[in-house]
*Asks:* 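Sharing a structure, written as structure tokens. Questions coming.
Quantities reported herein were computed from a predicted structural model and do not represent experimental measurements.
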Amino acid sequence: MPTDTPPPLRAFVQLSYGYGARSWHARWEKGEIPGINEPYAYGYYRAAGPGVVVEQSEDRAENPFSRLVRYGVRFLLGFDFVQAWRNRKGILSADVVWTHTEAQALGVLLLYRLTPRRPHPPLIAQSVWLMDRWPQEAAWRRLFMRSLLSRADMLTFLSPENLAQARSVFPGQRMEWIPFGIRADEMTDHAPPVRMPGDPVRVLSLGNDRHRDWPTLIAATSPLPDGVACHVTIATANRLDPPPHVTRVTPKRNDVLFRLYDEADIVVVPLTHNLHASGITVIEEATLRGLPVIATDTGGLRHYFDGDCVFYVPVGDTQAMGHAIVTLACDPDRCAAMVRNARERMRTVLNSQAYARRHVALSRELLSQRMPASARTPAGTATPAARDMKITVGIATCGRPGILRETVAELRRQTHPPHRIIVCAPTMADMAGLEASDTLVLLQGPRGLAHQRNLLLQHMEDAEIVVFFDDDFLPDPDYLAQCAMAFASEPDIVVATGRVLADGAKGPGLTVEEARAMLANPAINDTPPLPAVQPAWNGYGCNMAYRLSTIAESGLHFDERLPLYAWYEDIDFSRQLGRRGRIVRVNGAKGIHLGSKSGRTPGRRLGYSQVANPLYLSRKGTFPLDHALRSIGRNMAMNALRSLWPEPYIDRRGRIIGNWLALRDAMSGRVSPEKMLTL
């Protein structure tokens, strides 16, 4: 009986203008693209096979006017959006989109923004130079690029150093290092040099990257130590005023470039400090041509080739570079061993085939995460790691013992039972009706959400995950099971928040009976076609889960300068922890937030916090200023408008007074979160 064959993965590769499939291939066939290149740019086509279809962007023929428009838009935005727009049909009809640099990624993401009604395939957005340039970019452009790139499904980098720097800019975002490899189908043997006394060492250095350190190379070889003669050939399009022992060339055809490799003894890659593995293509080409390589130790190159493959020298060290050239020139056996070791790396992991396969694997992972929640793994078939995961639930409470008891009762119905439930309240009366046991711990602590949650963290003991619930959040029975599966299957998740089916905080509030009826109603507690796991900007305080090992490593705690209701303490804590991994929403982890109005912070105090806390967190660096200003403006506008016809359950007039008091303090430089306690 025939079986259904799943449709192939359709990947679309968006590249710069000039790298279109037909135009690149035509130039490649003529040998007009210097280097060991692929028939189609960067070898993405190698991912194609029985289960994968790869399509690459094309270049549209341009007249002077259309070229001027494209250049003008690129000048204004900083990236070529017109090229993405011209290829929108292929982009939007694909299963997944791959981009090679941040410029194409930004173009695709802006296309997504401008087509909100179209389904958008997941984007693997590779960055090359962005982190090196980031400090020099204008503030408005950084905000714009951060706004776009934070919506990429995955950010990839060619260097772990680039990735590490990006963690501080895009905390919580999914990131991967993908080692870049070139076509390694054939390797050319290079005869060891036979030099007569006085023959110069023939050094070749190549590249157009702005991080090439030509002055250090020239100084290191002017002259070489021990009186060794040397001739340096620098192949670059950059301007250079070479001394007599240096020749500058600009090869425009492959036959000329390969002749330079064949005539050289050593390839040197001199670099200034960088983060993006500058020079890796030259090192790989030299290895394939059988030449030993000396390189500056920067940019993460050691993650590609260790010291047995490449002779590394410190940044800007002319003496070390000269010594390295003389050492290799006098030791052909070491040169041969370095080439053998480097070639072995290229045969296994540093080639375009491995580079393309990695994109396919990550694409399938992203698409599996977009699997509808209805198709997710049932709780009863969870992996052993998920079933054994110890999850402790922490609840900070004050003034709502009746609702608290109902929440604890719901937690006892979880299909994945909590390891322990720990409740923290200012007084025992706040926990009336609960009996302490081995699985229910009752703590007393100072009033204030941040203080109470810090006390909860001190009592986690051997738990692996802590889930913070508000005392008025009723979870679906599978909530903890879905969290366990997410954290067990994806170790880079450090923060997770669930899906709130109904939020009484946005209205008069919900009763426990109404919430239970909603959880029992399939029309509300549904399983829509949402990804099982998808990126989130922060954890939502009423239901958020954290990996405790990451909290322990970071030494992080909730900021106790945010008093009482601690407005935005969830954003502050989760965004800080997100610098060490991913923040996600687990769509199968569902629940109802009652939004009970008892035990709330008075209106004037809360209004003060609505202004003071975002400004404080912006200065602290956990809440971008543009987000802070939008939050303040939105809350003030809502309070002002609703204060004319206030809801009976919200003190709008008190809130707007608190807003204006905080603004007054901000303008005088005296605003701080703690001042709300004096109101």
Side-chain angles (χ1 to χ4, degrees), residues 119-120 122 150-151 153 172-174 366-379 382 386 389 391 393-395 406-407 410-411 413-416 418 465-490 493-507 509-510 512 514-547 570-571 573-575 577-578 581-596:
H120 299 147
S150 62
R151 286 164 172 77
D153 296 84
Q173 196 137 0
R174 174 71 188 276
L366 285 179
L367 290 170
S368 70
Q369 292 171 3
R370 287 200 171 195
M371 185 182 300
S374 57
R376 67 184 185 272
T377 306
M389 184 163 282
I391 299 179
V393 174
I395 301 175
E406 299 295 342
T407 300
E410 289 299 318
L411 289 172
R413 299 187 182 102
Q414 290 290 301
T415 58
H416 182 114
I465 305 297
V466 55
V467 178
F468 288 111
F469 283 141
D470 276 1
D471 55 13
D472 60 346
F473 184 85
L474 268 60
D476 174 83
D478 278 347
Y479 188 105
L480 297 185
Q482 293 297 323
C483 272
M485 284 191 288
F487 278 98
S489 62
E490 301 184 45
I493 293 176
V494 295
V495 182
T497 195
R499 185 159 60 96
V500 180
L501 299 172
D503 194 351
K506 297 177 180 178
L510 300 168
V512 172
E514 289 172 330
R516 285 192 173 128
M518 290 179 179
L519 290 174
N521 185 348
I524 297 174
N525 191 358
D526 58 353
T527 52
L530 292 169
V533 173
Q534 65 185 118
W537 200 77
N538 65 278
Y540 181 24
C542 71
N543 75 118
M544 53 186 184
Y546 296 93
R547 195 180 295 274
D570 49 356
I571 294 176
F573 190 85
S574 59
R575 292 293 290 176
L577 203 68
R582 278 198 297 154
I583 305 173
V584 301
R585 185 172 75 206
V586 180
N587 284 309
K590 302 169 291 183
I592 308 289
H593 186 208
L594 303 183
S596 174

*Asks:* Are T415 and D478 linked by a side-chain donor-acceptor pair shorter than 3.5 Å?
*Replies:*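 Yes, because at least one side-chain N or O of T415 sits under 3.5 Å from a partner of the opposite role on D478.
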*Asks:* Restricting to non-hydrogen atoms, name the atom on G539 and the atom on T497 that form the minimum distance, rounded to 0.1 Å.
*Replies:*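 Closest heavy-atom pair between G539 and T497: CA-CB, 3.9 Å.
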*Asks:* Does L501 reach the side chain of L519, with side-chain heavy atoms less than 4.5 Å apart?
*Replies:*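 Side chain of L501 against side chain of L519, heavy atoms only: contact under 4.5 Å found.
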*Asks:* Who pairs with D570 by side-chain hydrogen bond (donor to acceptor under 3.5 Å, both in side chains), at least two apart in sequence or on another chain?
*Replies:*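 Counting only residues at least two positions away or on another chain, D570 forms no side-chain hydrogen bond (donor to acceptor under 3.5 Å, both in side chains).
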*Asks:* Which atom pair, heavy atoms only, marks the closest approach of V500 to C542?
*Replies:*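 Reported closest heavy-atom pair: CG2-SG, 4.2 Å.
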*Asks:* Check whether any side-chain heavy atom of P535 sits under 4.5 Å from a side-chain heavy atom of I583, and report yes or no.
*Replies:*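 Not touching, per the 4.5 Å side-chain cut-off.
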*Asks:* Looking at D472 and G595, would you say the former's side chain and the latter's main chain have a donor-acceptor pair under 3.5 Å?
*Replies:*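 Yes.
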*Asks:* Tell me, please, which residues at least two apart from F487 pass ring pair (Phe, Tyr, Trp, His ring centres under 6.0 Å).
*Replies:*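 So F487 forms no ring pair (Phe, Tyr, Trp, His ring centres under 6.0 Å) with any residue.
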*Asks:* Looking only at heavy atoms, which two atoms of P475 and Q414 are closest? And how far apart?
*Replies:*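 In terms of heavy atoms, the two residues are closest at CG-NE2, 3.7 Å.
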*Asks:* State, yes or no, whether a side-chain contact exists between S150 and Q173 at a heavy-atom distance under 4.5 Å.
*Replies:*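 Of all side-chain heavy-atom pairs linking Q173 with S150, at least one is under 4.5 Å.
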*Asks:* Under 3.5 Å, side chain of E406 to main-chain N/O of V512, donor-acceptor pair present?
*Replies:*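 The answer is no, because no donor-acceptor pair under 3.5 Å joins these two groups.
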*Asks:* side-chain contact (heavy atoms from CB on, under 4.5 Å) for H416 and I391? Distances and angles first, verdict last.
*Replies:* CA-CA 9 Å; H416 182 114; I391 299 179; 4.2 Å; yes
*Asks:* Is the shortest heavy-atom distance from the side chain of D153 to the side chain of R174 under 4.5 Å?
*Replies:*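 No. Closest side-chain heavy atoms not under 4.5 Å.
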*Asks:* How close do A545 and C483 get, heavy atom to heavy atom, and via which atoms?
*Replies:*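 That closest heavy-atom pairing would be CB-SG, 4.2 Å.
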*Asks:* Is there a side-chain contact between N525 and K590 (heavy atoms, below 4.5 Å)?
*Replies:*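 Heavy-atom side-chain distance check passes, below 4.5 Å.
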*Asks:* Is R575 reaching over with its side chain to a backbone N or O of W537, donor-acceptor style, under 3.5 angstrom?
*Replies:*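 Yes, the answer is positive, given that a donor and an acceptor are paired below the 3.5 Å cut-off.
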*Asks:* Apply side-chain contact (heavy atoms from CB on, under 4.5 Å) to residues Q534 and N587 and explain how you reach the verdict.
*Replies:* CA-CA 8 Å; Q534 65 185 118; N587 284 309; 2.8 Å; yes
*Asks:* Report the C-alpha separation of D503 and I592 in whole Å, then their side-chain angles, then the decisive distance to 0.1 Å, and conclude whether the side-chain contact (heavy atoms from CB on, under 4.5 Å) test is met.
*Replies:* CA-CA 6 Å; D503 194 351; I592 308 289; over 6 Å; no
*Asks:* Are any side-chain N or O atoms of T407 and backbone N or O atoms of D471, one a donor and one an acceptor, separated by less than 3.5 Å?
*Replies:*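 Yes: the side chain of T407 pairs with the backbone of D471.
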*Asks:* Between M518 and L510, is any pair of side-chain heavy atoms under 4.5 Å apart?
*Replies:*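 Yes; the side chains approach each other to less than 4.5 Å.
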*Asks:* Using only heavy-atom distances, determine whether the side chains of D470 and Y540 contain a donor-acceptor pair under 3.5 Å.
*Replies:*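 Note: D470 and Y540 side chains miss the donor-acceptor criterion.
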*Asks:* Tell me the closest heavy-atom pair linking S574 and N538, and the distance in Å.
*Replies:*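 Smallest heavy-atom distance, with atoms named: OG-CB, 3.4 Å.
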*Asks:* Carefully, step by step, assess Y479 and F473 under the rule side-chain contact (heavy atoms from CB on, under 4.5 Å).
*Replies:* CA-CA 11 Å; Y479 188 105; F473 184 85; 4.0 Å; yes
*Asks:* Can you sort out the partners of R151 under salt bridge (Lys or Arg N to Asp or Glu O under 4.0 Å), two or more places apart, ordered by chain and number?
*Replies:*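 With neighbours one apart ignored, the set is empty.
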*Asks:* State, with a plain yes or no, whether a side-chain heavy atom of V467 is found less than 4.5 Å away from one of M544.
*Replies:*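 In short, these two side chains do not touch, never coming nearer than 4.5 Å.
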*Asks:* Any donor-acceptor pair under 3.5 Å linking the side chain of R547 with the backbone of I493?
*Replies:*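 Checking the backbone N and O of I493 against the side chain of R547, a donor-acceptor pair under 3.5 Å is found.
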*Asks:* With no hydrogens and no angle check, do the side chains of H593 and N543 hold a donor and an acceptor under 3.5 Å apart?
*Replies:*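 Their side chains do not contain a donor-acceptor pair, so the 3.5 Å distance test is not met.
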*Asks:* For P418 and L411, work out which heavy atoms get closest and say how close.
*Replies:*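 What the structure gives for the nearest pair is CD-O, 3.6 Å.
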